[in-house]
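As a basis for the values below, the full set of heavy atoms in this structure was taken, side chains included, without hydrogen atoms, waters or symmetry mates. Note on naming: letters A, B, ... go to the chains in the order of the sequence lines (proteins, then strands), and numbering restarts at 1 for each one.
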Number of protein chains: 2
Amino acid sequence: MPRRPGPGPRRPTIADIAERAGVSKGSVSYALNGKPGLSEPTRRRILAIAEEVGWRPNRAARALSARRAGACGLALARPARLLSYDPFFPRLLSGIEAELASRQIALMLQIVEDVEAETRALRRWWAERRVDGALLVDLRVVDPRVPVAEQLALPTVIIGGPGPTGKLLYFPGHDAERSRQIVDHLTGLGHRRIDRVAGPSVFAHTQERTKAFREALAEAGAKGGLVSTDYSPQAAAVATKKLLKRSSAPSAIVYDNDIMAVAGLGAVREEGIAVPEELSVASMEDSILCEVVRPSLTASAWDVEAFGARAAHALVQLIDERMEHHSLADGAEPGRYPEEKPALVVRGSTGWAPRARAVSA
Amino acid sequence: MPRRPGPGPRRPTIADIAERAGVSKGSVSYALNGKPGLSEPTRRRILAIAEEVGWRPNRAARALSARRAGACGLALARPARLLSYDPFFPRLLSGIEAELASRQIALMLQIVEDVEAETRALRRWWAERRVDGALLVDLRVVDPRVPVAEQLALPTVIIGGPGPTGKLLYFPGHDAERSRQIVDHLTGLGHRRIDRVAGPSVFAHTQERTKAFREALAEAGAKGGLVSTDYSPQAAAVATKKLLKRSSAPSAIVYDNDIMAVAGLGAVREEGIAVPEELSVASMEDSILCEVVRPSLTASAWDVEAFGARAAHALVQLIDERMEHHSLADGAEPGRYPEEKPALVVRGSTGWAPRARAVSA
DNA sequence: CTGAAAGCGCTTACAG
DNA sequence: CTGAAAGCGCTTACAG
């Protein structure tokens, strides 16, 4: 008893087309999928009818028979409040989405509280065949998602991973290079004491940055302290004041994201310290925010959209390889992307180290 | 020839369970869905096996037979750059997502360039049965999505719509009330000339705000100009300087979002005008950014997550009604939400109007 | 070159 | 209370 849910135009199936064309459903399927085994006139006739009635494949049916969901999953373990002021995720999402959409692959998004919930989402999606693969962000130093993805044999790409992690594909997020660029910029301006207000040390990319910072400082004969935070502006303000009160006060402070840098700027001002004359400030993440505040913030910029697109493309390839046969997607382009190059955007918040300036003056 | 894609643990089907339990697939289905017609022991045995093997329904199969996708669509017509500094969307998304996830409904997200692309996405999703319904944001005064959704009979909820629009369900975003609160706050501080740097006038919510602003100003015997922008901080800075140079310069400026307010703050400072002593500044959207800048920004705050959740819940109900039978989702809660109340958060950027202060001093 | 049939994994009337 | 069967809309070997 095929009940029609609600009114509205009927959405045609291959059976409808087959009937109108006077052929079998199989022939319609062959025509629609460009497979051989049909006379040219028949093929044309079928395609014309499909076009006319506005046929589109029922994805559930196709997924069921192709054993492929036509979707990828991204679970974000970030509370909404935090998400709302992080410029990284929307851009990443946008890049991922653009790449997947170009191949008619859907993005399954879930925003959860913690990694455990994310792990559960991965398991469920995979068990229900809701996704063909998954993207992992914010990799932790010890991350429960990695063994789970491996055990499930779930095609997975780690975004911003620190390096080869077991069997999963990873896409490093240039953290080391970007750290080095910032440190080099500052030491080049004569800074010898560069502190950092960092994100949580549980994240692999935080560690990655810390390591690169340390190395770059050492190479330049400079020093620097570190305070870990939860990425919140409140924590950044507290950390900033703490650093400024130390006996070995810094002449520059680097913040792991833009919102912390802005909060730091406010805290510095409240201490009556001039930026950049007495203290330089820089952000590890660039955003419109860095342009807008006064003084505008020197920040590490890179093409996050392109990065997301590359990662998504890699995932799609991985899935294709696993399936051993290509293209559920009709007419996907063989997307080739150059690797994005991070570049420091120097703005008003960084300047000569106080002593160095005195010397150069 | 059932080919297994890749290695990894086998994902069991009801056929596997039926075999192990020594019953038919139909019985397994009944047990799993809590339908009557099975002895208690049989039911228990089946459920125990399902639990043991970690069975989860294949969503494609279920969708195909239930004629229901188990997913809702949200297409965002916003360039990535813009998305990345708008605090509204991540919060809205988070609220929507939380509500849908609690009912095991997936969110299909697509970020597109313009409304036309969004309209195409709606058509395609519906034609492919990828979604059971859709959420529309950023409604325009003349919006091509509305007639299309109506014509398709696509269950649709308009988020932040201005009022009843044809047959579609809408959720007003408190724009009028929030406008009024800001104006009342400022006129209460003695301001008699309150300008506004607004978003694009093509949006229905911009018009909504404009209308409410005008009314509230008139009620208080105050006046105000308006400059339309594209929401960008650059445009906000230009608009601010333009307003400040007018012969009838304002004593307060309201910005339609937080990032424009911050940019405005910078522009005001560059003109050598003190905030809030000489000019008050307020934002129509609250975010962490408003807390973090100096002076911190008075802003209109409301529970965007709850709003998103309410809208998503309404959509699910709408879909359920259309399907005339409930719950593809197992065990959905009958979510009840109080309507969120907007409230102005008064911070450092607004104060007495210069003249009023002189009088009160 | 074309049609009939089986199968993807589930649900649901319909017989026993 | 239980099983066998048909169907959701597609794909794909397999006969003709």
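Side-chain atoms of B/S65 lie closest to C/dT11 of the nucleotides D/dT12, C/dT11, C/dA13.
Between A/V28 and B/G26, the residue anchored nearer the 5' end of DNA chain D, judged by the nucleotide with its closest heavy atom, is B/G26. For B/S27 and B/R129, each mapped to the nucleotide of DNA chain D holding its nearest heavy atom, the one lying further toward the 5' end belongs to B/S27.
Residues from residues 14-24 of chain B placing a heavy atom under 4.0 Å of any atom in DNA chain D, listed by number, are B/G22, B/V23, B/S24.
Listed for the A/E97 side chain is a donor-acceptor partner under 3.5 Å among the backbone atoms of B/I111. No donor-acceptor pair under 3.5 Å is formed between the side chain of A/N33 and the backbone N or O of A/K35. Under a 3.5 Å cut-off, the side chain of A/R45 and the backbone N or O of A/A21 do form a donor-acceptor pair.
In terms of the salt bridge (Lys or Arg N to Asp or Glu O under 4.0 Å) criterion, residue partners of A/E118 (sequence neighbours excluded) are, by chain and number, A/R145.
With salt bridges taken as basic N to acidic carboxylate O contacts below 4.0 Å, one links B/R68 and B/D320.
For D/dC8, neither phosphate oxygen OP1 nor OP2 lies less than 4.0 angstrom from any side-chain nitrogen or oxygen of A/N58.
Here A/K35 lies in heavy-atom contact (under 4.0 Å) with sugar-phosphate atoms only. Among the protein residues, A/S29 comes within range of the nucleic acid bases, having at least one heavy atom under 4.0 Å from a base atom. Heavy atoms of A/T13 sit under 4.0 angstrom from primed sugar atoms or phosphate atoms, though from no base atom.
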Please, what dot-bracket string fits DNA chain D when only Watson-Crick and G-U pairs with both distances under 3.5 Å count, crossing ones use [ ] and pairs to another strand use |? |||.||||||||.|||
